[in-house]
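All remarks here apply to the structure that follows.
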Amino acid sequence: QLQLVESGGGLVQPGGSLRLSCAASGFTLATYAIGWFRQAPGKEREGVSCISRSGSSTKYADSVKGRFTIPRDNAKNTVYLQMNSLKPEDTAIYYCAAAGLCVLWHEYDYWGQGTRVTVSS
């Protein structure tokens with residue numbers, strides 16, 4: 001079965017950093033585009049970032065540009081979300097998802113279980 005497993009969430013102070021991991025099993029992650037999404041309490045799910053299959057193209061929401069990056073390590077079959085300069089408004093459950101290319105959230109077929117990020121002083 002194709003699975004994505006997320007990890008790395010936790011509590012961090014404003015201005016701090018976290019690195020989330022999205023590890024794939026049952027398939028080769030390099031053959032998929034990987035998107036990161038988040039959902040805050042009472043809010044709609046929103047796209048955070050996406051990296052193409054080749055890794056040559058990345059896309060970021062305006063709210064995280066310049067603060068987040070999405071590197072991938074094909075040898076470990078893992079994609080990361082590196083989050084720097086975190087703000088309280090970044091607090092959410094973060095999900096990774098796999099698709100043939102970067103698309104809207106409802107078009108992804110494979111999802112991780114989510115990992116909670118809390119940014120608070």
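Quick caveat, the model's predicted, so the values are computed rather than measured.
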Indicate the atoms forming the closest heavy-atom contact of R38 with E46, along with that distance.
NE-OE2, 2.7 Å
Nearest heavy-atom approach of R72 to I51 is CD-CD1, 3.6 Å
Grouping I, L, V, M, F, W and Y whenever their side-chain heavy atoms are under 4.5 Å apart, do M83 and F37 come out in a common cluster?
no
Could you give all pairs that pass the ring-ring contact (aromatic ring centres under 6.0 Å, His included) test and reach residues 44-77, with sequence neighbours left out?
none
Mind checking what makes side-chain hydrogen bond (donor to acceptor under 3.5 Å, both in side chains) contact with S25, not counting sequence neighbours?
none
Could you work out, with side-chain hydrogen bond (donor to acceptor under 3.5 Å, both in side chains) as the rule, every residue matching S56, not counting sequence neighbours?
S54
Check the hydrophobic clustering (I, L, V, M, F, W, Y; side-chain heavy atoms under 4.5 Å; chains of links allowed) and say if W111 and Y80 are grouped together.
no
Heavy-atom closest contact (L4 atom, A98 atom, distance)
CD1-N, 3.8 Å
If you look only at distance, which donor and acceptor atoms sit under 3.5 Å apart when one is on a side chain in residues 9-24 and the other is two or more places apart or in another chain?
residue : atom : partner : partner atom : Å
S17     : OG   : N84     : OD1          : 2.9

F27 and Y32: ring pair (Phe, Tyr, Trp, His ring centres under 6.0 Å), yes or no, with the steps?
CA-CA 9 Å; F27 66 102; Y32 288 85; 5.0 Å; yes
Between W105 and Y95, does the ring centre distance come in under 6.0 Å?
no
Please determine whether residues V64 and I34 belong to a single hydrophobic cluster, defined as Ile, Leu, Val, Met, Phe, Trp and Tyr linked transitively by side-chain heavy-atom distances below 4.5 Å.
yes
Counting N and O atoms only, with roles assigned by atom type, does the side chain of D73 sit under 3.5 Å from a partner on the main chain of T78, one being a donor and the other an acceptor?
no
Indicate if V119 and V48 have the same hydrophobic cluster label, given that clusters are the connected sets of ILVMFWY residues with side-chain heavy-atom separations under 4.5 angstrom.
yes
Should I93 and V5 be regarded as members of a common hydrophobic cluster, given that ILVMFWY residues are connected when their side-chain heavy atoms come within less than 4.5 Å of each other, either directly or indirectly?
no
Intermediate values then yes/no, side-chain contact (heavy atoms from CB on, under 4.5 Å), W36 and V79
CA-CA 10 Å; W36 282 96; V79 169; 3.9 Å; yes
May I have all residue pairs that pass disulfide (SG to SG under 2.5 Å) and include part of residues 32-88, sequence neighbours excluded?
C50-C102
Does T28 reach the main-chain N or O of T31 with its side chain, forming a donor-acceptor pair under 3.5 Å?
no
If you look at every heavy atom in R67 and D90, which pair is closest and at what distance?
NH1-OD2, 2.7 Å
Does the distance from a Lys or Arg side-chain N to an Asp or Glu carboxylate O, for K65 and D62, drop under 4.0 Å?
yes
Could you list the residues that satisfy side chain to side chain contact (heavy atoms under 4.5 Å, CB included) with V103, not counting sequence neighbours?
A99, L101, E107, Y108
